[in-house]
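These notes are about the structure you will find just below.
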Amino acid sequence: MLIKQKTKTFFLSSFLISSTFFSQAHNVSAGYQKPDDPLVVQNLEQWQDLKFGLFMHWGTYSQWGIVESWSLCPEDESWTQRKPEHGKSYTEYVKNYENLQTTFNPVDFNPQKWADAAKKAGMKYVVFTTKHHDGFSMFDTKETDYKVTSAKTPFSKNPRADVTREIFNAFRKDGFKIGAYFSKPDWHSENYWWPYFPPKDRNVNYDPKKYPERWDSFKKFTFNQLNEITSNYGKIDILWLDGGWVRPFKTIDPSVEWQRTIKVEQDIDMDKIGTMARKNQPGIIVVDRTVPGKWENYVTPEQAVPEHALSIPWESCITMGDSFSYVPNDNYKSSQKIIETLIKIISRGGNYLMNIAPGPNGDYDAVVYDRLKEISGWMDKNQSAVFATRSAEPYHDGNFYYTQAKDGKTLNIFHIDDKADYHAPSVLSFSIPENFKPRSLKVLGMNSNVQWKQSGSKIEVKLPEERAKLKYAAVIQMTQ
């Protein structure tokens with residue numbers, strides 16, 4: 001992911017950052033620019049209907065069960081301490097890390113199994129890490145041999161070796177929108193981290209203005225890889241670009257701590273990249289994270305949920321466990337916590353991109369499938385209040401959260417209890433917008449008729465004994 005730093009719970013912009021094992025601060029860049037391409041506008045509207053997506057961080061690092069890529073970066077040693085058995089010196093560590101390519105053989109890889117489980121849980125789009133900061137390509141690129149399809153990689157002999165193609169095809173067949181995560185920085189490339197200098201931090205380790213030919217070579221390499229992804233892998237709906245420190249120097253926001261570490265120009269020529277991507281994939285959403293302007297089509301708070309509704313398209317990327325990458329015995333969130341998070345996100349107008357990390361064998365932990373099955377049970381009953389909705393005033397009032405149908409004729413009220421396992425009370429009392437005139441009311445997932453009354457903008461609902469079967473949240477749907 002993009003920003004890595006230890007932190008306690010704190011407020012940043014309009015976001016509450018939770019103190020998870022790997023907490024990240026992520027600001028929303030100022031000056032959102034609405035796309036003017038009608039195909040992009042249409043795609044973005046459809047994407048906002050989807051609400052729930054699957055994120056996957058997967059690479060050779062899963063064999064060590066460590067954080068993706070970041071242990072290679074000297075500035076992040078404070079929270080990604082290298083284990084001595086992986087190398088006594090930095091040089092030895094990097095060599096051993098890169099040699100993970102020669103043992104990567106995830107023979108249990110079966111993306112259809114993932115797609116089926118995700119679809120049942122209500123997920124409707126997928127974003128897969130085609131390349132993270134370490135530079136290992138999980139697709140069949142012609143630009144480098146540091147890739148999953150190289151003869152150096154044991155899995156290259158498997159008919160499913162091009163894992164990006166296999167994942168995109170499986171999920172596309174199941175009706176998912178397809179998103180390609182791609183890291184703009186590449187710490188394996190000699191044109192980004194030039195071996196002539198030691199790397200000091202996440203940034204390019206030379207001055208591109210002093211060595212323009214080397215930087216031009218890196219720009220060409222990046223352009224070519226993104227051209228491959230957007231040309232050779234079928235329809236792609238989202239290009240999700242990480243590594244926001246690779247940006248024009250003039251776009252740096254000095255009020256953002258991590259952006260103050262950028263000391264040199266790192267203009268990758270996003271106009272050229274974005275124009276190429278749109279030519280290859282008309283209407284593709286481009287997410288150049290944290291870089292304001294026409295190539296940041298939606299914003300991406302990380303491990304964070306906005307406190308308030310946002311008027312621009314946004315998506316929270318949040319891990320199911322504590323880590324974005326595979327870690328043995330990870331602490332997976334409960335199904336109740338996942339559903340509560342989904343409710344909070346959609347009530348504020350956003351999408352929830354939940355990260356699940358495959359392990360070195362090419363499959364999820366068994367508990368992941370348990371969680372997805374539990375979520376699917378709730379989603380089957382309540383999906384009409386989730387998908388193709390938008391935020392609705394008053395958005396959030398105590399334990400109540402609101403969404404509405406896009407035509408405004410249906411109002412959904414979610415009741416949660418994020419302090420304990422959910423037990424629906426016998427009476428629910430809440431407010432509705434004054435201009436909403438309800439004619440009918442039902443509790444999703446219940447067969448019994450419910451008694452309700454209105455007094456001004458206040459609604460009181462009496463729930464029958466059948467309420468005991470409501471899990472995770474109660475959802476009231478009103479129509480006018």
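Just the heavy atoms: all of them, side chains too, but no hydrogens, waters or symmetry mates, feed the values below. For reference, positions follow the sequence shown, starting with 1.
With contacts defined as side-chain heavy-atom distances shorter than 4.5 Å, the pair N110/D363 does not qualify. Counting only heavy atoms from C-beta outward, the side chains of V204 and V264 approach each other to under 4.5 Å.
Between F218 and Y192, the gap from one ring centroid to the other is short of 6.0 Å. You'll find the ring centres of Y61 and W64 outside the 6.0 Å limit. For W58 and F109, the ring centers are positioned less than 6.0 Å apart. A centroid separation of less than 6.0 Å is found between the aromatic rings of W187 and W70.
A donor-acceptor pair is defined here as one N or O able to donate and one able to accept, closer than 3.5 Å; no such pair exists between the side chain of Y125 and the backbone of K51. Remark: the backbone N or O of I178 is paired with a side-chain donor or acceptor of D237 at under 3.5 angstrom. At least one donor-acceptor pair closer than 3.5 Å links the side chain of R260 to the backbone N or O of P254. A donor-acceptor contact shorter than 3.5 Å is absent between the side chain of N297 and the backbone of I285. A donor-acceptor pair is defined here as one N or O able to donate and one able to accept, closer than 3.5 Å; such a pair exists between the side chain of T261 and the backbone of W258. In this structure, the side chain of E143 does not engage the main chain of T222 through any donor-acceptor pair within 3.5 Å. In terms of modelled atom types and a separation under 3.5 Å, the side chain of S156 and the main chain of S150 share a donor-acceptor contact.
The NZ atom of K294 lies 9.5 Å from the CE atom of M270; values are rounded to the nearest 0.5 Å. In this structure, CG on N96 lies 11.0 Å from OG1 on T91, to the nearest 0.5 angstrom. The NZ atom of K131 sits 8.0 Å away from the OG1 atom of T141 when rounded to the nearest 0.5 Å. Rounded to the nearest 0.5 angstrom, F168 CZ and D162 CG are separated by 9.5 Å. Between atom CG of residue D116 and atom NZ of residue K113 there is a gap of 10.5 Å, rounded to the nearest 0.5 Å. Between I343 atom CD1 and N382 atom CG the span is 8.0 Å, to the nearest 0.5 Å.
Relative orientation of the Y181 and F55 rings is tilted, given thresholds of 30° and 60° on the angle between their planes. Aromatic ring orientation, Y97 versus Y93: tilted (interplanar angle from 30° to 60°).
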**Report entry** Worked verdict on K263 versus N203 for side chain to side chain contact (heavy atoms under 4.5 Å, CB included)
**Finding:** CA-CA 8 Å; K263 304 299 183 184; N203 296 284; over 6 Å; no

Requested in this report: Report the C-alpha separation of E228 and K142 in whole Å, then their side-chain angles, then the decisive distance to 0.1 Å, and conclude whether the salt bridge (charged side-chain N to carboxylate O under 4.0 Å, His left out) test is met.
Outcome: CA-CA 8 Å; E228 290 173 329; K142 292 182 172 61; 5.4 Å; no

Query raised in the report: Can N43 and K177 be said to form a side chain to side chain donor-acceptor pair (under 3.5 Å), step by step?
Result: CA-CA 10 Å; N43 192 10; K177 277 191 182 291; 2.8 Å; yes

Report task. Tell me, with the steps shown, if R165 and D140 meet salt bridge (charged side-chain N to carboxylate O under 4.0 Å, His left out). Result -> CA-CA 9 Å; R165 182 178 306 282; D140 188 25; over 6 Å; no

**Report entry** Candidate pair I229 and T164, rule side chain to side chain contact (heavy atoms under 4.5 Å, CB included), full reasoning
**Finding:** CA-CA 9 Å; I229 289 170; T164 292; 5.9 Å; no

Query raised in the report: Could you walk me through whether R371 and V368 pass the side chain to side chain contact (heavy atoms under 4.5 Å, CB included) check?
Result: CA-CA 5 Å; R371 294 287 188 275; V368 168; 5.8 Å; no

Requested in this report: List the steps and the verdict of side chain to side chain donor-acceptor pair (under 3.5 Å) for Q63 and T103.
Outcome: CA-CA 8 Å; Q63 297 171 87; T103 54; 2.7 Å; yes

**Report entry** salt bridge (charged side-chain N to carboxylate O under 4.0 Å, His left out) between E340 and K337, worked out
**Finding:** CA-CA 5 Å; E340 288 168 357; K337 181 57 65 179; 3.4 Å; yes

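Within a 6.0 Å radius of CD in E85, more than 12 heavy atoms belonging to other residues, nucleotides or ligands are found. Other residues, nucleotides and ligands contribute over 12 non-hydrogen atoms within 6.0 Å of the NZ atom of K406. Taking a 6.0 Å sphere around CD of E190, one finds it holds 12 or fewer heavy atoms contributed by other residues, nucleotides or ligands.
Shortest non-hydrogen contact noted between F136 and V148 is CZ-N, 3.3 Å. Here the closest heavy-atom approach between residue W193 and residue N205 is recorded as CA-OD1, 3.3 Å. Closest non-hydrogen pair, P111 versus R160, comes out as CD-NH1, 4.2 Å. Contact detail for A121 and L372: the closest heavy-atom pair is CB-O, 3.6 Å. In plain terms, the two heavy atoms of K184 and V246 that are nearest each other are NZ-O, 2.8 Å. Between H188 and T144, the closest heavy-atom pair is CD2-OG1, 4.5 Å.
Between the side chains of H133 and S183, a donor-acceptor pair is found at a separation under 3.5 Å. Looking at W215 and D267, their side chains never bring a donor and an acceptor atom within 3.5 Å of each other. Judged by distance alone, the side chains of T153 and Q101 do bring a donor and an acceptor atom under 3.5 Å apart. Using modelled atom types, one finds no donor on one side chain facing an acceptor on the other under 3.5 Å when comparing Q281 with T230.
With Y298 as reference, W47 is the one residue of Y32, W314, W47 to meet the ring pair (Phe, Tyr, Trp, His ring centres under 6.0 Å) rule.
Taking a cutoff of 4.0 Å between a charged side-chain nitrogen and a carboxylate oxygen, E45 and R390 qualify as a salt bridge.
Sorted by first and then second residue, the ring-ring contact (aromatic ring centres under 6.0 Å, His included) pairs involving residues 325-360 (not counting sequence neighbours) are F52-Y352.
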